[in-house]
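None of these values were measured; they are calculated from a predicted model. Reminder, nothing fancy here: chain letters follow the sequence lines and each chain counts from 1.
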Number of protein chains: 2
Amino acid sequence: MKKVTIKDVAKEAEVSPSTVSRVISDSPNISKSTKDKVRFIMDEMGYYPNAIARSLVKQKTRSIGLVMSRPTDRALANPFFSGVIQGIAAVAQEKNYSLLLTAADNYEDEYQEALKQLKVGRVDGLVLLASRINDDLIKQLLKNNYPFVLIGRSQEYQSIPRVDNDNYKAAYDLIIKLIQSGYKEFSILAGHKDYVFTGDRLKGVIDALKENDLSLDPDRIEFTDFTFESAEKSAYRILSNHNTDALIAFDDLLGMAAVQTAESLGFSVPDQIGIVGFNDHTLVSYLKPSLTTVKIPIVDMGERAISMLIKMLENTSYNGEEKIIPTEIIERESLKFK
Amino acid sequence: MKKVTIKDVAKEAEVSPSTVSRVISDSPNISKSTKDKVRFIMDEMGYYPNAIARSLVKQKTRSIGLVMSRPTDRALANPFFSGVIQGIAAVAQEKNYSLLLTAADNYEDEYQEALKQLKVGRVDGLVLLASRINDDLIKQLLKNNYPFVLIGRSQEYQSIPRVDNDNYKAAYDLIIKLIQSGYKEFSILAGHKDYVFTGDRLKGVIDALKENDLSLDPDRIEFTDFTFESAEKSAYRILSNHNTDALIAFDDLLGMAAVQTAESLGFSVPDQIGIVGFNDHTLVSYLKPSLTTVKIPIVDMGERAISMLIKMLENTSYNGEEKIIPTEIIERESLKFK
DNA sequence: TTGTAGGCGTTATCAC
DNA sequence: GTGATAACGCCTACAA
């Protein structure tokens, strides 16, 4: 079954290829009659304009690369990424863009792969998820003037196109509210050190404490990978060494691990120890106890990020902006505000 | 910063474009000296061969479409898909293929979108995940002779390229083992009716029971969506109406909901009610109680599926095959075998 | 309103 | 070994 091309249609409809092309793009200067005729022939022959050829002449692919800034497998295991991709996919589909998933074994390669997709012209732009500190990829993108939108924040580069929540403020507000509720002994189950949001949230925590003449013993901060094992170990170290009445986990998965660790150590949650997570992954409202958390509207962030990128792509005078999405504290069972 | 093309390189290196092209493809009939010279110029100029142009002349895109057979958002929320995609992405990257994510609001559109990607020549083939019963997409693909591999099973079409686990056998073996362990009162928390594997597993269950002169009251089978709410309701209906000592959930998420429902109804798990899941999602080994489950090697299945597809793409005489991956029962806390 | 011609960036076929 | 030349399938001036 050979592919039918624009020439085949043209011949069959007894017009020139350019006329067919005009029908495809629904050009106004073309008679209704030929338009109808050509359209009829097109679907009679099962013709579909070749996207590759179109991309070549238009110098646009209408596809967008997705970079996950960490090994794809682990990234996908995290609900955070699923959420973002949901948002991205929805808008992409609506605006008729394709999504190209970039995969690699490690962060270094991933970044090279993503850049390559741009260089070989396979994608028009990139959406970057949860960038690390010290991001070379961003440097390269800026240098080459490649369109991209970052979900998160770059340590080095100010005012680049991005959508984010204010992690500093989210953490700050949370601590204030906890202090007002009477909590006194804080410990932090932080995410990976390399992620920008980890530092931001930490800063928010510390500043809020400081303003209330409280301080945080560095031993009470545990950095951990996003695996259950690692989180459990960290939670164990905190809970067995430090008297804690409020444990703040920088991700719901970590929070979930913390709850289990606390309970297995004989603490009752939330009565003896209150535990808060971050993100509001769908699952955690169903846990027992359900997780009190700082909700981050990840799907929404994905939607905004790709919308911004598409706008940049289609409107050369628009160069993106910084969009900060508000967060929200959701009280459930694992920590009670008073 | 204008894109540098093969012509620019040719001019700079004082050779013809064809020579440069030969250097790119590392052709043997070309002198080492010019090869070196051209290579030098290429990266001096920052040249990358345009993938789109290449695709056009080669009539191959080296990219593969991913279809998820259900609304993308819900699909991504399920760890099953993340697992499969992990496997797919790893191999794709290794073999230098790109992955195109197909998104849509509903199943109908998704299938149209996927087909379109093929028709417009944006992808060379498709990997289909968890196909529904009565699959028109497969019919279309076969009719048009488009390359694809199905992860799962089609009700209508025998012997199509696919990788799957033997759901019938997995369920059958599980029941046999349960019966041997002394379980007598079975209830089933099945997935969505439309999925082929639901039917297959159900059949396995029923046949195993029948062989042991047991039968299953249809009321003891609850079909449910893959959401926590829906699963909890179904579990509630089962547990409040039927004396059950072994509850089989066709997905770990459903199993997890069942555990919680059972406990909230005052049953102790596994002492009064044993609960098994399917899939072995990473999370469930960390629950309390941890979930006994039938492990399905989803990452592995993803890897094999895309490997098969790529082989089909690159070797015209190979038309795919059926690969059945074995499953494994993993005993944890939510159900004990005796 | 329609057709002709040239080009998008490559590769492949022939020559030399 | 290397260089013209003609595709690949489409779009877009420019003409008519």
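Across A/Ala92 and A/Ile306, no two heavy atoms sit closer than the pair CB-CD1, 3.7 Å. When all heavy atoms of B/Met308 and B/Pro161 are compared, the closest pair comes out as SD-CB, 4.1 Å.
For the pair A/Asp8 CG and D/dG9 C1', the interatomic distance rounds to 10 Å; values are reported in whole Å. At whole-Å resolution of the value, CD1 in A/Ile52 and P in D/dC11 are 13 Å apart. Taking atom CG on B/Asp36 and atom C1' on D/dG1, their separation rounds to 15 Å, with Å as the unit. A/Asn50 places its CG atom 7 Å from the P atom of D/dG9, with the value rounded to the nearest Å. In this structure, CG of A/Asp26 is placed 13 Å from P of D/dC11, rounded to the nearest angstrom. Atom NZ in B/Lys119 sits roughly 18 Å away from atom C1' in D/dG9 (whole-Å rounding). Separating the CD1 atom of A/Ile6 from the C1' atom of C/dT4 is a distance of 14 Å, rounded to the nearest angstrom. At whole-Å resolution of the value, CZ in A/Arg122 and C1' in C/dT10 are 14 Å apart.
Side-chain contact annotation: A/Thr61 with A/Ser63, donor-acceptor N/O pair under 3.5 Å present. One side chain, B/Ser18 or B/Ser16, offers a donor N or O that lies under 3.5 Å from an acceptor on the other.
When heavy atoms are screened at a 4.0 angstrom cut-off, A/Thr34 is found touching the sugar-phosphate backbone but no base atom. If you check every strand for non-hydrogen atoms under 4.0 Å, B/Ile30 touches sugar and phosphate atoms only. At a threshold of 4.0 angstrom between heavy atoms, the contacts of B/Asn29 include nucleobase atoms, whether or not backbone atoms are also involved. The residue A/Pro49 sits close only to the backbone: its heavy atoms come under 4.0 Å of sugar-phosphate atoms, none of a base. Across all strands, A/Val15 comes closer than 4.0 Å only to sugar-phosphate atoms, never to a base (heavy-atom distances). Contact annotation for B/Ser18: base contact, defined as any heavy-atom pair under 4.0 Å involving a base atom.
Taking for each of B/Leu56 and A/Lys35 the nucleotide of DNA chain C with the nearest heavy atom, the 5'-most of the two is the partner of A/Lys35. Both B/Gln59 and B/Ser33 lie close to DNA chain D; mapped to their nearest nucleotides by heavy-atom distance, the more 5′-ward contact belongs to B/Ser33.
Residues A/Phe148 and A/Met312 are not in side-chain contact: their nearest non-hydrogen atoms beyond the backbone lie 4.5 Å or more apart.
Contact annotation: A/Ser16 reaches the phosphate of C/dG3 (side-chain N/O to OP1 or OP2, under 4.0 Å). Proximity of A/Tyr48 to the phosphate of D/dC10: no side-chain N or O atom is located under 4.0 Å from OP1 or OP2. Remark: B/Ser55 is not in phosphate contact with C/dT10, judged by side-chain N or O atoms under 4.0 Å from OP1 or OP2. Taking only side-chain nitrogens and oxygens, B/Arg22 never comes nearer than 4.0 Å to OP1 or OP2 of C/dT11. For the pair B/Ser21 and C/dT10, the criterion of a side-chain N or O lying under 4.0 Å from OP1 or OP2 is not met. Close to C/dT2, at under 4.0 Å from its OP1 or OP2, lies a side-chain N or O of A/Ser31.
Shown are A/Asp164, A/Asn165, A/Ile324; of these, the side-chain contact (heavy atoms from CB on, under 4.5 Å) with A/Arg153 is made only by A/Asp164.
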